[in-house]
Amino acid sequence: MFSNLILKTPRCYTASTMNVNGRRYRTIWLEGPDHGVVRIINQLLLPHHFETLDLRTVEAVRRAIKDMYVRGAGLIGAAAAYGMYLAAREAGEASFEEDLLAAAKMLKNTRPTASNLACAVDTMLAALRSRQGKRAQKIEAARLAAEAIAEGDVQSCRNIGLYGLERIRAAAERKKGETVHILTHCNAGWLAFVDYGTALSPVYAAFDAGIALHVWIDETRPRNQGAALTAWELGGHGVPHDLIPDNAGGHLMQHGMVDLVITGADRVTRRGDAANKIGTYLKALAAKENGVPFYVALPSSTFDWNMSDGLEEIPIEERDAEEVRCMTGKTADGRIETVRICPDSTPARNWGFDVTPARYITGLITERGIAEPSEQGILKLYPEQNS
Ligand code: MRU
């Protein structure tokens with residue numbers, strides 16, 4: 001299966017997609033002579049300033065996840081894994097296991113919806129439990145486990161790109177080489193993972209393969225991940241795109257201006273219900289009504305094998321109402337400012353995610369191939385979860 005894919009790999013796609021001012025980046029990595037620093041890209045300042053930040057304690061990692069210096073399902077998973085590594089460095093000899101369990105609990109409490117976070121923390125705990133020996137050996141085991149989680153994320157996202165590319169190529173063939181228009185919501189590009197991304201990985205692969213394409217980017221209120229992050233990423237890679245208001249997608253679909261929708265996901269149940277950034281469900285409804293294929297791209301760490309019914313079971317994060325009442329942006333003289341957009345006394349609610357039921361999804365683009373969004377379809381690719 002994979003050898004076939006490798007043959008079709010677009011030339012430029014073999015290396016990382018993350019190129020900032022001519023330098024390759026991942027979103028998170030270790031620094032320092034003893035690998036004691038976790039370095040991240042500060043996503044709160046994008047797209048206006050590019051800055052990296054050093055995290056030296058598990059508490060700093062907790063804050064970075066909670067306050068969205070890092071965000072996106074895959075990246076918060078990787079950040080939590082590195083956070084567990086820092087926790088291992090901080091843990092006492094006698095209280096090692098106890099300290100790690102406390103750190104695991106603290107990290108899991110930061111953001112509830114994306115399953116990658118809990119998956120990464122549990123993988124770290126399992127790796128540490130299976131490692132006997134002195135404290136130094138356990139710390140080294142934690143480092144290797146965190147690096148393996150980050151590397152696994154990169155490889156999964158890369159393969160997602162190659163599988164998704166084939167669907168974009170098919171759309172291009174149907175259109176006889178005319179530009180393929182793809183709509184995406186939120187940011188599921190390299191900034192949301194360690195590299196490549198999920199929804200945007202097929203876009204980069206197709207663009208690098210020379211397919212004519214164009215992306216409609218939903219602005220994604222309230223945090224504007226589409227406007228701030230997806231637009232910045234696609235612009236940096238040279239992919240043609242237009243930013244659109246969140247409510248425009250239905251209109252574009254009615255007028256034949258969208259060939260396919262690709263979004264990411266934060267948690268997907270074993271039956272294929274997908275939680276993603278708030279507003280995704282409405283795009284899926286519009287896509288169904290207008291016969292537009294709707295794909296969800298995810299690595300296996302986003303599946304929650306213990307959940308079946310997404311609407312009933314997936315916890316939806318409710319965030320601070322201030323995010324809805326305000327907007328942050330750059331002033332004419334270059335300052336980053338936050339302004340209120342409603343009367344000072346207006347109350348607001350802010351659900352971070354919604355659930356798109358499997359019946360609205362055309363296919364789940366995973367690192368193992370494209371699954372039909374049903375328990376049977378998913379288990380064909382993940383037979384080991386057939387319990
Ligand atoms: O910015 P976040 O962490 O609140 O949003 C999560 C996401 O990145 C999106 O829902 C995305 O589309 C899922 S894929 C990472």
Side-chain angles (χ1 to χ4, degrees), residues 27-28 40-44 46-47 64-80 110-120 153-154 156-157 160-161 164 182-203 215 217-234 246 249 261-268 274-284 294-304 310 314-320 323-324 328 350-356 361 364-367:
T27 52
I28 191 162
I40 58 164
I41 295 170
N42 179 359
Q43 299 199 19
L44 292 181
L46 290 174
I65 297 173
K66 181 92 189 152
D67 296 341
M68 292 175 71
Y69 290 80
V70 289
R71 30 66 52 203
L75 178 55
I76 61 179
T110 50
R111 300 201 61 194
T113 300
S115 48
N116 312 58
L117 194 154
C119 177
D153 179 272
V154 174
S156 292
C157 287
I160 286 167
I182 299 164
L183 184 141
T184 193
H185 189 73
C186 194
N187 172 257
W190 59 256
L191 286 167
F193 290 82
V194 179
D195 201 351
Y196 296 104
T198 51
L200 294 191
S201 187
V203 168
V215 181
I217 306 172
D218 283 351
E219 58 182 346
T220 321
R221 277 282 289 146
R223 292 292 292 245
N224 291 319
Q225 288 94 332
L229 305 176
T230 301
W232 183 77
E233 269 195 39
L234 292 181
D246 278 336
V261 179
I262 312 179
T263 74
D266 295 274
R267 190 183 297 236
V268 175
N276 193 48
K277 185 52 61 192
I278 192 84
T280 303
Y281 169 55
L282 286 175
K283 295 298 139 66
F294 185 97
Y295 290 98
V296 173
L298 69 149
S300 53
S301 51
T302 300
F303 279 111
D304 186 332
I314 297 180
I316 301 294
E317 176 180 8
E318 187 168 357
R319 298 184 58 83
D320 192 335
E323 292 182 351
V324 179
T328 300
N350 184 13
W351 292 274
F353 303 90
D354 60 24
V355 174
T356 298
I361 299 170
L364 298 165
I365 308 173
T366 76
E367 76 275 18

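Start at 1 and go down the list; that is how both ligands and their atoms are numbered.
Comment: Arg221 does not engage Glu219 in a salt bridge, judged by the lack of any side-chain N to carboxylate O separation of less than 4.0 angstrom.
When heavy-atom distances to ligand 1 are checked against 4.0 Å, the residues falling inside are Met68, Arg71, Gly72, Ala73, Arg111, Cys186, Asn187, Ala188, Ala192, Phe193, Gln225, Gly264, Ala265, Asp266, Asn276, Lys277, Phe353, ordered by chain and number.
Residues meeting the side chain to side chain contact (heavy atoms under 4.5 Å, CB included) test with Asn42, sequence neighbours left out: Leu44, Leu45, Glu51, Leu53, Tyr69. For Asn276, the side chain to side chain contact (heavy atoms under 4.5 Å, CB included) partners at least two apart in sequence or on another chain are Thr263, Asp266, Thr280. Contacts of Ile314 classified as side chain to side chain contact (heavy atoms under 4.5 Å, CB included), with partners at least two apart in sequence or in another chain: Thr113, Arg267, Thr269, Ala275, Met307, Ile316, Val355.
A cation-pi arrangement, defined by a distance under 6.0 Å to the six-membered ring centre and an angle within 45 degrees of its axis, is absent between Lys283 and Phe294.
Counting heavy atoms from C-beta on, the side chains of Asp218 and Cys186 never come closer than 4.5 Å.
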